[in-house]
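What follows is a set of notes on a single structure, which appears directly below.
Computation of the quantities below employed the complete heavy-atom set of this structure, encompassing side-chain atoms and omitting hydrogens, waters and symmetry-equivalent molecules.
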Amino acid sequence: MVGIAALAAAVFLFVPPIPQDPAYHSFADTRTLWGVANWWNVVSNIPFLLAALYGFWKLRGAVFIERWERYAFYCVLVGTAAVAAGSSYYHWHPDDQRLFWDRLPMTVVFLSILAAAIGERVSMKAGRWLLAPLIL
């Protein structure tokens with residue numbers, strides 16, 4: 001598994017960036033309110049932040065079998081809060097460079113959940129060892 005990941009990473013060192021179709025960045029709502037372009041596209045990310053804050057609040061009393069599991073879910077929540085920031089940043093002025101910041105936090109969320117699922121369904125040791133490499 002590590003070898004396949006290393007091979008994939010090596011291949012992408014030699015592949016040029018693939019630009020997104022410019023039409024991808026065209027949104028239905030382009031209104032500016034209170035100085036914020038694409039207002040509804042930007043503020044629609046607030047629920048991600050609220051969900052992350054609620055998750056942190058609920059995680060305080062959660063019981064886990066191993067300590068690393070709590071860290072995995074902290075990563076999910078930090079990633080979810082970062083989705084609110086990154087997606088707002090992208091939608092304020094959508095372009096290829098900002099799209100990276102829209103998508104990066106999502107990968108942190110997805111791969112933290114994957115590590116937790118591996119820990120729960122495959123082996124605690126595998127989930128613990130894969131958490132950091134998957135996020136990185």
Please confirm whether the backbone N or O of [Y] pairs with a side-chain atom of [X], one donor and one acceptor, at under 3.5 Å?
{"X": "S87", "Y": "A84", "answer": "no"}
{"X": "R98", "Y": "Y89", "answer": "yes"}
{"X": "N41", "Y": "H91", "answer": "no"}

Other members of the hydrophobic cluster containing W39, with the 4.5 Å side-chain heavy-atom rule, please.
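So far as hydrophobic clustering goes, W39 is joined with L33, W34, V36, W40, V42, V43, I46, L50, W92.
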Distance-only check: which donor-acceptor pairs under 3.5 Å involve side-chain atoms of residues 53-62, not counting sequence neighbours?
from : atom 1 : to  : atom 2 : distance (Å)
R60  : NE     : W57 : O      : 2.9

Between CG of L99 and CG of L104, what distance do you get to the nearest 0.5 Å?
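Taking CG in L99 and CG in L104, the distance rounds to 11.0 Å.
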Distance in Å, N38 CG paired with S44 OG, rounded so as to fall on 0.5 Å steps
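N38 atom CG to S44 atom OG measures 10.0 Å (nearest 0.5 Å).
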As a quick check of understanding, evaluate side-chain contact (heavy atoms from CB on, under 4.5 Å) for Y90 and F100, giving each step before the final call.
CA-CA 8 Å; Y90 165 68; F100 171 81; over 6 Å; no
Determine whether V83 and W101 fall in the same hydrophobic cluster, where Ile, Leu, Val, Met, Phe, Trp and Tyr are linked whenever their side-chain heavy atoms lie under 4.5 Å apart.
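Shared cluster, no.
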Verify side-chain contact (heavy atoms from CB on, under 4.5 Å) between R103 and T107, making sure each step is shown before the conclusion.
CA-CA 7 Å; R103 293 181 176 171; T107 63; 5.6 Å; no
Using atom types as modelled, flag every donor-acceptor pair under 3.5 Å from a side chain in residues 110-136 to any protein atom, sequence neighbours excluded.
from : atom 1 : to   : atom 2 : distance (Å)
S112 : OG     : V108 : O      : 2.7
S123 : OG     : K125 : N      : 3.3
S123 : OG     : A126 : N      : 2.9
R128 : NH1    : E66  : OE1    : 3.1

Tell me the closest heavy-atom pair linking A10 and F14, and the distance in Å.
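Looking at all heavy atoms of both residues, the shortest contact is O-CD1, 3.2 Å.
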